Structures are given as structure tokens and as C-alpha cells.
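Down below is the structure, laid out as C-alpha cells.
Reckoned from all heavy atoms, side chains included, excluding hydrogens, waters and symmetry mates. A quick note: this is a predicted structure, and the numbers were derived from the prediction, not measured.
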Amino acid sequence: MSTQALILFAHGARAASWAAPFERLRDLVAARTPGVDVSLAFLELMEPRLPERAAALVAQGVTQLTVVPVFLGQGGHVLRDLPLMIDELRAAHPGLTVKVVEAAGENDAVLRALADYCVGAL
């Protein structure tokens with residue numbers, strides 16, 4: 001078991017099919033990061049939720065957790081809900097180092113890839 005894990009954090013939806021692109025992304029990331037536990041967690045409407053997934057990883061021996069918000073923008077969920085959840089994680093698991101990166105849609109490389117896709121649609 002790796003001591004390092006990466007959680008792709010998404011909103012969640014009622015339709016199970018909504019998660020398909022996130023599952024593909026998880027699989028692509030996992031294929032490129034052997035030795036790192038890569039998983040999905042959701043804010044609401046789907047399982048696992050972020051606190052439960054993090055607790056399961058800690059129980060498996062994870063000591064370093066990186067959370068990637070797979071959101072296009074820094075809306076209320078990323079600006080308010082996620083920091084509260086991360087504070088709770090840190091309090092509940094003091095031996096866990098948690099790093100949170102910017103929302104995917106705020107990253108220049110991600111935006112360039114999306115722009116390439118949009119231009120290619122012409």
C-alpha cells in the first residue's frame with residue numbers, strides 16, 4: 001500500500017452516468033502514477049464523499065493526500081465548502097498531510113487544452 005494518495009474531487013450528480021468522464025480521468029491518472037492510490041470522491045449526491053474516502057485511505061496507511069478539485073471554476077463549493085471539509089479532515093487525521101490544488105479549470109494548461117478542443121470543433 002502506498003503512503004501517497006490522490007483524490008479527484010467532483011460535485012456529484014443524481015445520474016450515475018454523469019461520473020463516467022471522471023472515472024475515465026481517474027483511470028488515466030492512475031495509469032500514469034503507479035504507486036499512488038488514485039480515487040474519486042464527491043461533494044454530494046454520489047459516494048464516496050470526501051471525508052469517508054479520506055478516512056478509508058488513512059486506515060490503509062496513507063499519510064500524504066493531494067486533493068484535485070475537478071471543477072471548471074472556483075465557485076462556492078471550491079471556495080467555501082472544500083476548505084471547510086479540508087479543515088475537518090486535518091482535525092480528524094492529524095497525521096495526514098493534505099495538499100489542495102487549484103480547481104482544474106483555473107489551471108492554464110487545462111484551459112489551453114479546452115481551448116484546443118473548442119477550436120478543433122470548428
Side-chain angles (χ1 to χ4, degrees):
M1 173 65 202
S2 173
T3 60
Q4 192 174 17
L6 177 67
I7 292 179
L8 306 179
F9 177 65
H11 187 278
R14 286 179 182 82
S17 60
W18 175 89
F22 298 94
E23 292 164 352
R24 287 176 49 210
L25 178 61
R26 176 204 55 213
D27 294 346
L28 289 166
V29 172
R32 294 174 59 179
T33 55
V36 175
D37 185 302
V38 179
S39 59
L40 290 171
F42 302 96
L43 175 68
E44 58 189 10
L45 304 172
M46 299 185 113
E47 299 292 331
R49 303 267 322 277
L50 181 60
E52 289 77 21
R53 183 62 192 138
L57 289 166
V58 169
Q60 295 170 19
V62 167
T63 58
Q64 295 177 300
L65 176 62
T66 300
V67 177
V68 178
V70 191
F71 286 73
L72 278 181
Q74 301 264 50
H77 292 313
V78 174
L79 292 174
R80 287 187 302 275
D81 300 335
L82 182 57
L84 289 173
M85 294 173 94
I86 296 301
D87 287 346
E88 291 171 3
L89 280 180
R90 288 182 173 133
H93 309 286
L96 181 66
T97 301
V98 182
K99 177 173 88 171
V100 181
V101 297
E102 66 193 341
E106 300 287 326
N107 180 275
D108 286 339
V110 172
L111 288 176
R112 282 194 300 274
L114 284 170
D116 290 346
Y117 172 74
C118 293
V119 170
L122 288 174

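Leu96 and Leu82 fall within a single hydrophobic cluster, where Ile, Leu, Val, Met, Phe, Trp and Tyr side chains are chained together by heavy-atom contacts under 4.5 Å. One hydrophobic cluster, built from ILVMFWY side chains closer than 4.5 Å, cannot hold both Val98 and Leu6; they sit in different ones. By the criterion of side-chain heavy atoms lying less than 4.5 angstrom apart, applied directly or through intervening Ile, Leu, Val, Met, Phe, Trp or Tyr residues, Val38 is not grouped with Val62; the two fall into different hydrophobic clusters. No continuous path of hydrophobic side-chain contacts links Leu25 to Val110 [ILVMFWY only; heavy atoms under 4.5 Å]. Follow the hydrophobic side-chain contacts under 4.5 Å out from Val100 and you reach Ile7 in the same cluster.
With sequence neighbours left out, the salt bridge (Lys or Arg N to Asp or Glu O under 4.0 Å) criterion links Arg53 to Asp37. Arg112 meets the side chain to side chain contact (heavy atoms under 4.5 Å, CB included) test with Asp108, Ala109; sequence neighbours excluded.
Inter-residue side-chain proximity for Met85 and Leu43 is flagged as met; some heavy-atom pair is nearer than 4.5 Å. You'll find the side chain of Val58 stays beyond 4.5 Å of the side chain of Leu65, heavy atoms only. Counting heavy atoms from C-beta outward, Leu114 and Leu72 have side chains that approach closer than 4.5 Å. The shortest distance between side-chain heavy atoms of Val36 and Val29 does not fall below 4.5 Å.
Contact detail for Ala31 and Pro34: the closest heavy-atom pair is O-CD, 4.2 Å. Closest approach of Ala5 and Leu57 over heavy atoms only: CB-CD1, 3.9 Å. Closest of all the heavy-atom pairs between Met46 and Arg49 is O-CD, 3.9 Å. Contact detail for Trp18 and Gly12: the closest heavy-atom pair is CH2-N, 3.1 Å. Nearest heavy atoms, Pro48 versus Leu40: CG-O, 3.4 Å. The minimum heavy-atom distance between Pro69 and Val101, with the atom names listed, is CD-O, 3.2 Å.
Rounding to the nearest 0.5 Å gives a distance of 8.5 Å between CD of Gln4 and OG1 of Thr33. The structure places CG of Leu28 at 7.0 Å from CZ of Arg24, a figure rounded to the nearest 0.5 Å. Here Glu102 contributes atom CD and Asn107 contributes atom CG; the two are 4.5 Å apart, rounded to the nearest 0.5 Å.
Counting side-chain heavy-atom gaps under 4.5 Å among Ile, Leu, Val, Met, Phe, Trp and Tyr, Tyr117 is found in no cluster with other residues.
The main-chain N or O of Leu8 is never found under 3.5 Å from a side-chain atom of Arg26 such that the two would form a donor-acceptor pair.
The aromatic rings of Phe71 and Phe9 sit tilted relative to each other, their planes meeting at an angle between 30° and 60°.
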